[in-house]
Amino acid sequence: MPLVSMRQLLDEAAKGGYGVGAFNVNDMEQIQAIMGAAKETNSPVIIQASRGARQFAQDKYLFHLILAAAELNPEIPIAMHQDHGNSFETCKSAIELGYTSVMMDGSLKEDGKTPATFDENVAVTKKVVDFAHPRGVTVEGEIGVLGGVEDGHGAGGSGLEHITDPDQAVEFAERTGVDALAIAIGTSHGAYKFTKKPDGSVLKMDVLIKIHQRLPNTHLVMHGSSSVPKDLQDIVNEYGGKLKETWGVPVEEIQLGIRNGVRKINVDTDNRLAMTGAIRKVLWTQPEKFDPRDYLKPAREAMQKVVATRMTQFGQAGHAGDYKPVSIAVIAKGYADGSLTTKPLVAAR
Ligand code: G3H
Ligand code: 13P
Ligand code: ZN
């Protein structure tokens, strides 16, 4: 199956009332782990690459590895997504390469660190939408700023410093015409999200629900949604790792989000922990091993297990065959003739 539009994937998820995990990749094993999980659970899937990933693997390697995944798994709809584009140029280069979806993260300036103004965010995101939609490519925007720093990207801080303002979310969606909207509700990237066990009030779910009520037809996105499971932390630490005690986002909170308009859920850290734990275990317990396959295979299996679990928890499992993917060219026509509306439905307050 050719790569599909993320917009179609999320529209179908909205119809079915489920969420779709968006998993970060940097190499072949991670792509294979995701596809193994998608096959196992019969799930549609979003595979995403950050700027750092594109740099690490080199664009062409990563792109063709994802194309191979599509070719080998014709029954699985796959959207290829640029995660956290920092500028128009980053998104343009992904689109020209063949990505079917991009995130323009205009919540931060181009340096990927400094919070941008609302008007700067609107301007750059709208510019990406105007370039992407005639080419049938989906656009995710972000309003509000997440906490934490990954690979130099992020504003830092706790995640509670720049919570999304629902009025701004409505104005942003109206002025930009984005297909999906990432919001900040106390989430942050990386392993160190919360310093004590979350009690159900750590995330501003009331803000999320308010935004969904005002923008009932806009697909909401939760970033920083790793749950940082204790068992994965323990494996890393048991075999020589030095992770400090930490807690992630409880899956029940994500499921509450899914019941309130969240359609895309970003997960990277859980997979990093799973792979690192598996590799550490082999190298620690069998120090005589030196064939990379001896540790990459268990690492791939550990990641597949995490991804399959999330696919089931987010509800996308079983939905790969629900619909016929349409081509990017047809999606482009839909944007042009207005049948694929980008004007959000705004509910009265
Ligand atoms: O948003 C962050 C993702 O976890 C990707 O992280 O920029 O280190 O590749 P990265
Ligand atoms: P985590 O660090 O919680 O996995 O978040 C990943 C993410 O938001 C990628 O954009
Ligand atoms: Zn993110």
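Order of appearance sets the numbers: ligands from 1, and atoms from 1 within every ligand. One-based numbering along the sequence shown.
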(Q) Under 3.5 Å, is there a donor on one side chain and an acceptor on the other for T312 and T309? (A) no
Q: Fit a plane to each ring of F314 and F23, take the angle between them on a 0 to 90° scale, and name the class: parallel (under 30°), tilted (30 to 60°) or perpendicular (over 60°).
A: parallel
Q. What do you reckon, does S188 have a nitrogen or oxygen under 3.5 Å from a nitrogen or oxygen of ligand 2?
A. no
Q. Ignoring hydrogens and geometry, is there a side-chain-to-backbone donor-acceptor pair from Q8 to K324 under 3.5 Å?
A. yes
Q.
Closer than 4.0 Å to some heavy atom of H223 - which atoms of ligand 2 meet that?
A. 8 (O), 10 (O)
Q.
Under a 4.0 angstrom heavy-atom cut-off, which atoms of ligand 1 come close to D268?
A. 3 (C), 4 (O), 5 (C), 6 (O)
Q: Would you check the N or O atoms of V267, main chain and side chain alike, for any that come under 3.5 Å of an N or O of ligand 2?
A: no
Q. Applying a strict 4.0 Å limit to heavy atoms, is M103 in contact with ligand 2?
A. no
(Q) Any side-chain to backbone donor/acceptor pair from T164 onto A184? Under 3.5 Å, distance only. (A) yes
(Q) Can you tell me how the ring of H189 sits relative to the ring of H223, calling it parallel under 30°, perpendicular over 60° and tilted otherwise? (A) perpendicular
Q | ligand 2 atoms in contact with D83 (distance to a heavy atom under 4.0 Å) | A | 9 (C), 10 (O)
Q | Subset of ligand 2 atoms that lie under 4.0 Å from at least one heavy atom of H84 | A | 10 (O)
Q) Looking only at side chains, do R54 and Q82 share a donor and an acceptor under 3.5 Å apart? A) yes
Q: Identify, by atom number and element, the atoms of ligand 1 in contact range of N24, meaning under 4.0 Å from any of its heavy atoms.
A: 3 (C), 5 (C)
Q: Return yes if some donor-acceptor pair links the side-chain N/O of D105 with the main-chain N/O of N86 below 3.5 Å, else return no.
A: no
Q | Atoms of ligand 2, numbered as shown, that sit under 4.0 Å from any heavy atom of H189 | A | 2 (O), 5 (O), 6 (C), 7 (C), 8 (O), 10 (O)
(Q) R272 versus ligand 1: do any nitrogen or oxygen atoms come within less than 3.5 Å of each other? (A) yes
Q. Run the salt bridge (Lys or Arg N to Asp or Glu O under 4.0 Å) check on R214 and D167 step by step: do they pass?
A. CA-CA 9 Å; R214 302 280 319 279; D167 289 334; 3.0 Å; yes
Q. Taking the inter-plane angle between the rings of Y99 and F63 on a 0 to 90° scale, is it parallel (under 30°), tilted (30 to 60°) or perpendicular (over 60°)?
A. parallel
Q. Backbone, side chain, both or neither: what part of A22 comes under 4.0 angstrom of ligand 2, heavy atoms only?
A. neither
Q: Report yes if some heavy atom in the side chain of V228 is under 4.5 Å from a heavy atom in the side chain of Q233; otherwise report no.
A: yes
Q. Strictly by modelled atom types, are K264 and Q48 linked by a side-chain donor-acceptor pair under 3.5 Å?
A. yes
(Q) I need the atoms of ligand 2 closer than 4.0 Å to a non-hydrogen atom of K193, numbered in the order shown. (A) 1 (P), 2 (O), 3 (O)
Q | Sub-2.8 Å protein N, O or S atoms surrounding the Zn ion (ligand 3) | A | H84 NE2, H189 NE2, H223 ND1
Q. Any N or O of N24 that comes nearer than 3.5 Å to an N or O of ligand 2?
A. no
Q.
Show the atoms of ligand 2 that are less than 4.0 angstrom away from any heavy atom in G224.
A. 1 (P), 3 (O), 5 (O), 7 (C), 8 (O)
Q: Classify the side-chain pair N24/N271 by whether it contains a donor and acceptor separated by less than 3.5 Å.
A: no
Q) Of the backbone atoms (N, CA, C, O) and the side-chain heavy atoms from C-beta on, which set of H84 has a member under 4.0 Å from an atom of ligand 1: side chain, backbone, both, or neither? A) side chain
Q: Could you tell me whether R7 sits above the aromatic face of Y335, with NZ or CZ closer than 6.0 angstrom to the six-membered ring centre and within 45 degrees of the axis?
A: no
Q. CG/D322 to CD/Q316 distance, rounded to the nearest 0.5 angstrom?
A. 11.5 Å
Q) Going by the order shown, which atoms of ligand 1 are within less than 4.0 Å of some heavy atom of S50? A) 5 (C), 7 (O), 9 (O), 10 (P)
Q | Derivation of the salt bridge (Lys or Arg N to Asp or Glu O under 4.0 Å) call for D234 and K230 | A | CA-CA 6 Å; D234 287 348; K230 174 103 171 60; 3.0 Å; yes
**Q.** Close approach of G52 to ligand 1, heavy atoms, under 4.0 angstrom
**A.** no
Q | Distance filter under 4.0 Å to D83 heavy atoms, resulting ligand 1 atoms | A | 1 (O), 3 (C)
Q. Y295 ring centre to K289 NZ or CZ under 6.0 Å, with the angle to the axis within 45°?
A. no
Q.
Looking only at distances, can you tell me whether any N or O atom of N26, backbone or side chain, sits closer than 3.5 Å to an N or O atom of ligand 1?
A. no
Q.
Please report whether ligand 2 has a polar contact with D270, defined as an N or O pair separated by less than 3.5 Å (distance criterion only).
A. no
